[in-house]
Student: 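To start, I am sharing the structure in question, which I have written as structure tokens.
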Amino acid sequence: RLRKWQRKIRISGATERNLAFALSELDRDSSRLGLPRSVREAASMVYRRAVENKLIRGRSIEGVVAASLYAACRKCNVPRTLDEIAEVSRVSKKEVGRTYRFLTRELNIKLPPTSPVDYVPRFASELGLSGEVQSKAIEIIEMAMENGLTSGRGPTGVAAAALYIASVLLGERKTQRDVAEVAGVTEVTIRNRYKELTEQLDLGVTL
Amino acid sequence: MTDVDIKIENIVASATLGKSIDLQTVAEALENVDFNREQFPGLVYKLKEPKTAALIFGSGKLVCTGAKSIEDSKRAIKLTVDMMRTMDPDIPEEFEIKIQNIVASANLGKPLNLEAVALGLENTEYEPEQFPGLVYRLDDPKVVLLLFGSGKVVCTGAKSAEDAKLGVEKTKARLAELDLI
DNA sequence: ATTTTACTTTCGAAAGC
DNA sequence: GCTTTAAAAAGTAAAAT
């Protein structure tokens, strides 16, 4: 019995150590991504639930932390791409994506696909674009969604093209290159998306 | 209502010859062969007609991929084994061939709103950030479909052409049932 | 700026790390 | 889980022209 007790202490000690490590890892990733405390708390909630349900088995703590953070960002409508999460954590994009799927399935977390709208505020502020341009971009994205122009397209590419178009329409023009850089997509993608948007939507302006 | 044209794009089949093979000998005798034991235990043998690739293992088992019909798949395996028999006369004439996977493509005719499908259809995964297709898993037949915004579809995991076609038809019916197509 | 090549996802078998 | 094979879907990326 004494031995059983000692093992328990040892195990709980390890559990606490692991939790402490996970939380420090979470803090490190979060600060690198410039995420607010509320998102970190949401992520730690997901992580703790993963531990409670013994979902860490066979997986690295870093991977589960990264996936928890990815999920929390989406849930809080301040999405980060898998590439961005992979960059700050020491987990590959593939591993983050795989663990994310596993966690959402096992914890019954149901998140709709990321909306391009959620990327607008972040990209716009990094580009120094006004609230008017943001509103216009969101308006364009909503029109695109209604016309089936977002199915299968990357959310960041759609958001980038909408912001580019809105910036031109409202006289706050940004170059495709600058928009592409903050959105993490290529200029070719922005070009392809805005061609499609301007050709199929009545945006009232010839670019 | 149930008329869906399916096109078989790829077939994976396996065979067991029941006799171990000396891969090194085969590798040295042919030119169009790839063999790196450290990298992969199978020897890669490609045929131009039917355009297929066979993976031959030391255990005497082999896998054939790339054929676009069950007949071509069987023909490719027989041609491959005939080639092997020229080097080892003991390889039997009769052996079992099993179709392991059939990949087919089809067109549902109308474009799909994947966001809506993701919300209404069960057992789906849709992550446009990673891949433009929506993954739909069917239990009966046990196949997996990739649905695209264009209405085009890929069905994989089927063991028979019938199941591949059934999978697409059931998917189409389910989408119509949910008013998603 | 357009074209080509290539990678993302799904599936399955094989032998072994 | 990975390694290797082939193939389609459509989007995106990188390199070539």
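The chains referred to below are lettered A, B, ... by the order of the sequence lines, with proteins before strands, and numbering in each begins at 1.
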Student: B:Gly133 or B:Val103: which one's nearest nucleotide on DNA chain D is closer to the 5' end?
Tutor: B:Val103

Student: Counting side-chain heavy atoms from CB outward, which of D:dA10, C:dA13, C:dA14 is closest to B:Lys152?
Tutor: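 Selected nucleotide: D:dA10.
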
Student: Given that both distances must come in under 3.5 Å, which nucleotide forms a Watson-Crick or G-U wobble pair with C:dC17?
Tutor: D:dG1

Student: Between B:Asn10 and B:Gly66 (side chain of the first, backbone of the second, donor and acceptor by atom type, cut-off under 3.5 Å), is there such a pair?
Tutor: yes

Student: I want to check one thing: is the phosphate of D:dA6, taken as OP1 and OP2, less than 4.0 Å away from some side-chain N or O of B:Lys46?
Tutor: yes

Student: I'd like a table of atom pairs between the protein and nucleotides 13-17 of chain D - only N or O on both sides, under 3.5 Å - with the distance next to each one.
Tutor:
| unit_1 | atom_1 | unit_2 | atom_2 | d |
| --- | --- | --- | --- | --- |
| D:dA13 | OP2 | A:Thr186 | N | 3.2 |
| D:dA13 | OP2 | A:Thr186 | OG1 | 3.1 |
| D:dA13 | OP2 | A:Thr189 | OG1 | 2.4 |

Student: Between C1' on C:dC7 and CD on B:Glu129, what's the gap in Å once rounded to a whole number?
Tutor: 15 Å

Student: Determine, for A:Glu196 against A:Arg153, whether the closest basic-nitrogen to carboxylate-oxygen distance falls under 4.0 angstrom.
Tutor: yes

Student: Toward the 5' end of DNA chain D, which comes first, B:Gly149 or B:Phe40, by nearest nucleotide?
Tutor: B:Phe40

Student: For D:dG11, does OP1 or OP2 lie under 4.0 Å from any side-chain N or O of A:Arg193?
Tutor: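 So the side-chain polar atoms of A:Arg193 never come under 4.0 Å of the phosphate oxygens OP1 or OP2 of D:dG11.
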
Student: Between A:Arg191 and D:dT12, is there a side-chain N or O to OP1/OP2 distance below 4.0 Å?
Tutor: no

Student: Under 4.0 Å, heavy atoms only, any strand: does A:Arg59 hit a base, just the sugar-phosphate, or nothing?
Tutor: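 A:Arg59: no heavy atom of the nucleic acid under 4.0 Å.
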
Student: Give the rounded distance in Å between these two atoms: CG of B:Leu146 and P of D:dA8.
Tutor: 13 Å

Student: Charged N to carboxylate O under 4.0 angstrom, A:Glu181 versus A:Lys174?
Tutor: no

Student: Quick one: label B:Lys51 by what it contacts on the DNA or RNA (base, sugar-phosphate, nothing), any heavy atom closer than 4.0 Å.
Tutor: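 The answer is sugar-phosphate, as B:Lys51 gets under 4.0 Å only of primed atoms, P, OP1 or OP2.
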
Student: When the distance from CZ of B:Arg137 to P of C:dT9 is rounded to whole Å, what number comes out?
Tutor: 12 Å

Student: Would you kindly say whether A:Thr114 and B:Glu129 are connected by a side-chain donor-acceptor distance under 3.5 Å?
Tutor: no

Student: Just by distance, with hydrogens left out, do A:Asp178 and A:Thr175 show a side-chain donor and acceptor under 3.5 Å apart?
Tutor: yes

Student: Count I, L, V, M, F, W, Y as connected when their side-chain heavy atoms are under 4.5 Å apart, and connections chain through other members. Are A:Leu103 and B:Val135 then in the same cluster?
Tutor: no

Student: Do A:Arg59 and A:Glu95 sit within salt-bridge range, that is, some charged N less than 4.0 Å from a carboxylate O?
Tutor: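 Answer for the salt bridge query: no.
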
Student: Work out how far the P atom of C:dT8 is from that of D:dT3, and round it to whole angstrom.
Tutor: 10 Å

Student: With sugar-phosphate meaning primed atoms plus P, OP1 and OP2, does B:Thr52 contact a base, only sugar-phosphate, or nothing at under 4.0 Å between heavy atoms?
Tutor: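 No contact.
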
Student: Please determine whether a side-chain nitrogen or oxygen atom of A:Arg98 lies at a distance below 4.0 Å from atom OP1 or OP2 of D:dG1.
Tutor: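 Answer no for this pair, as no side-chain N or O of A:Arg98 is under 4.0 Å from OP1 or OP2.
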
Student: Near DNA chain D, which residues from residues 57-83 of chain B have a heavy atom under 4.0 Å away?
Tutor: B:Thr65, B:Gly66, B:Lys68

Student: Could you tell me whether B:Arg75 and B:Glu49 have a side-chain N and a carboxylate O separated by less than 4.0 Å?
Tutor: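 Result for this pair is yes, salt bridge flagged.
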
Student: Relative to the 5' end of DNA chain C, which residue comes earlier, B:Pro41 or B:Phe131, by the nucleotide with the nearest heavy atom?
Tutor: B:Phe131

Student: Measure the distance from CG on B:Asn36 to P on C:dC17 and round it to the nearest whole Å.
Tutor: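 Going from CG in B:Asn36 over to P in C:dC17 covers 16 Å.
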
Student: Round to a whole Å and report the spacing from CD of B:Gln100 to C1' of D:dT5.
Tutor: 14 Å

Student: Mind checking A:Lys93 for me? I need base, sugar-phosphate or nothing, with any heavy atom below 4.0 Å counting as a touch.
Tutor: nothing

Student: Quick check with a 6.0 Å cut-off and a 45 degree axis cone: is A:Arg80 positioned over the face of A:Tyr70's six-membered ring?
Tutor: no

Student: Between B:Asn32 and B:Lys46 (side chain of the first, backbone of the second, donor and acceptor by atom type, cut-off under 3.5 Å), is there such a pair?
Tutor: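 Looks like yes, one N/O pair under 3.5 Å.
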
Student: In whole Å, what is the span from the CG atom of A:Asp83 to the P atom of C:dT8?
Tutor: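 Roughly 12 Å, once rounded to whole Å.
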
Student: Can you tell me the Watson-Crick or wobble partner of C:dC7, both distances under 3.5 angstrom?
Tutor: D:dG11

Student: Check the distance between C:dA15's P and B:Leu23's CG and give it to me in whole angstrom.
Tutor: 11 Å

Student: Which whole-number value in Å describes the distance from B:Phe148 CZ to D:dG11 C1'?
Tutor: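 Computing the B:Phe148:CZ to D:dG11:C1' distance gives 10 Å.
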
Student: Indicate whether the side chain of B:Ser14 and that of B:Gln100 have a donor and an acceptor atom separated by less than 3.5 Å.
Tutor: yes

Student: With a 4.0 Å cutoff (strictly under), does any side-chain N or O of A:Arg101 reach OP1 or OP2 of C:dT10?
Tutor: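 For C:dT10, OP1 or OP2 has a side-chain N or O of A:Arg101 closer than 4.0 Å.
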
Student: Just N and O in the side chain of B:Ser14: are any of them under 4.0 Å from OP1 or OP2 of C:dA14?
Tutor: no

Student: In whole Å, measure the gap between the P atoms of C:dT9 and D:dC2 for me.
Tutor: 10 Å

